[in-house]
Amino acid sequence: MEARAVAKYVRVTPRKADQVLQLIRGKRVDQVTEILDFTPKHVAKVIGKVLKSAVANAVAIEGKINIEHLRVKEATAGAGPSLKRFLPRAQGRATPIIKRTSHITIIVEGEAPAEDATTKTARARRRAPAKEA
């Protein structure tokens, strides 16, 4: 089961957003929220909102789901449209300024609950072929 959330036109460069997204790829959702709470980047707050949205989408799709079994499957920051501005310089010249935006996508995936050892051994006994004498 997968659920995704996208934040479009975020006013941060994709490169800066990807620095924070590298910290959370492949980790469990409860670990990711702690990481994002203590990351001193502005974009971490936006990524936290996208993550909460993806978790809410997973709950809406699956119904009752244990959030501890969710993990971040994919986290990407793609380039959005760039805002083009000009800064006046000396002698009548102008310098272009490009303000980049990004589209942040987070996909969460539900992990299967881990089986305990007693059920594994019982299944192995059932599947073992009977020895003939």
Side-chain angles (χ1 to χ4, degrees):
M1 185 273 316
E2 289 183 359
R4 70 185 300 164
V6 180
K8 291 190 171 191
Y9 309 106
V10 178
R11 263 294 289 125
V12 67
T13 65
R15 186 173 179 179
K16 289 179 182 179
D18 197 50
Q19 288 177 341
V20 177
L21 290 173
Q22 284 178 351
L23 297 173
I24 68 171
R25 285 189 188 111
K27 295 194 170 115
R28 290 193 336 257
V29 170
D30 55 345
Q31 289 177 333
V32 170
T33 53
E34 290 180 16
I35 290 170
L36 292 176
D37 285 341
F38 294 105
T39 302
K41 297 262 189 187
H42 168 71
V43 74
K45 191 172 184 179
V46 177
I47 292 172
K49 289 181 181 182
V50 177
L51 179 71
K52 285 181 184 177
S53 178
V55 170
N57 291 342
V59 170
I61 291 170
E62 194 66 27
K64 281 203 161 200
I65 188 170
N66 194 352
I67 296 174
E68 294 175 357
H69 296 301
L70 287 177
R71 68 176 182 85
V72 177
K73 178 183 177 186
E74 187 177 329
T76 59
S82 297
L83 303 173
K84 292 161 179 83
R85 302 290 183 260
F86 290 95
L87 185 68
R89 301 307 291 244
Q91 299 179 356
R93 293 183 176 91
T95 302
I97 294 178
I98 299 172
K99 298 184 176 188
R100 301 185 189 281
T101 62
S102 57
H103 303 315
I104 298 172
T105 305
I106 294 180
I107 300 174
V108 294
E109 173 181 65
E111 294 178 348
E115 296 182 24
D116 52 338
T118 57
T119 57
K120 283 186 178 179
T121 56
R123 284 186 185 172
R125 272 186 261 132
R126 271 187 265 143
R127 290 183 184 166
K131 293 183 181 179
E132 295 180 20

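Only this structure's heavy atoms are used, side chains among them; waters, hydrogens and symmetry mates stay out.
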Exercise. With a 4.5 Å limit on heavy-atom distance, are the side chains of Ile65 and Val55 in contact?
Worked result: no

For this session: Drop me the distance from Thr13's OG1 to Arg15's CZ, to the nearest 0.5 angstrom.
Result: 8.0 Å

Exercise. How about Lys27: does its NZ atom have over 12 heavy atoms from other parts shown lying under 6.0 Å from it?
Worked result: yes

Exercise. So which heavy atom on Ile104 is nearest to which on Val46, and how close?
Worked result: CD1-CG1, 4.4 Å

Problem set entry | Closest approach of Ala17 to Ile47 (non-hydrogen atoms, all atoms of both residues) | O-CD1, 4.0 Å

Exercise. Which atoms form the tightest heavy-atom contact between Pro14 and Arg100, and what is the distance?
Worked result: CD-CB, 4.4 Å

Exercise. More than 12 heavy atoms of other residues, nucleotides or ligands under 6.0 Å from CZ of Arg11: is that the case?
Worked result: yes

Seminar exercise, completed: Rounded to the nearest 0.5 angstrom, the CD1-CD distance for Ile107 and Glu2 is 6.0 Å

For this session: Look only at the side chain of Thr105 and the backbone of Thr76, and say whether a donor-acceptor pair between them is shorter than 3.5 Å.
Result: no

Exercise. Does CG in Leu83 sit with more than 12 non-hydrogen atoms of other residues, nucleotides or ligands closer than 6.0 Å?
Worked result: yes

Exercise. Hey, does the side chain of Arg25 reach the backbone of Ala75 with a donor-acceptor pair shorter than 3.5 angstrom?
Worked result: yes

Exercise. So if you build clusters from Ile, Leu, Val, Met, Phe, Trp, Tyr with side-chain heavy-atom gaps below 4.5 Å, do Tyr9 and Leu21 land together?
Worked result: no

Exercise. Could you walk me through whether Lys99 and Arg85 pass the side-chain contact (heavy atoms from CB on, under 4.5 Å) check?
Worked result: CA-CA 8 Å; Lys99 298 184 176 188; Arg85 302 290 183 260; 4.2 Å; yes

Exercise. Checking side-chain contact (heavy atoms from CB on, under 4.5 Å) against Leu70, which of Met1, Glu109, Arg28, Glu62 comes through?
Worked result: Met1

For this session: Find out if a path of hydrophobic residues (ILVMFWY) with successive side-chain heavy-atom gaps under 4.5 Å connects Val6 to Val10.
Result: no

Exercise. Does one hydrophobic cluster hold both Ile97 and Val12, with members joined at side-chain heavy-atom distances below 4.5 Å?
Worked result: no

Seminar exercise, completed: Residues Ile106 and Ala54: closest non-hydrogen pair is O-CB, 4.0 Å

Problem set entry | Side-chain donor or acceptor of His103 paired with backbone N/O of Ala77 under 3.5 Å | no

Exercise. Under 3.5 Å, is there a donor-acceptor pair between the side chain of Asp30 and the main chain of Glu68?
Worked result: no

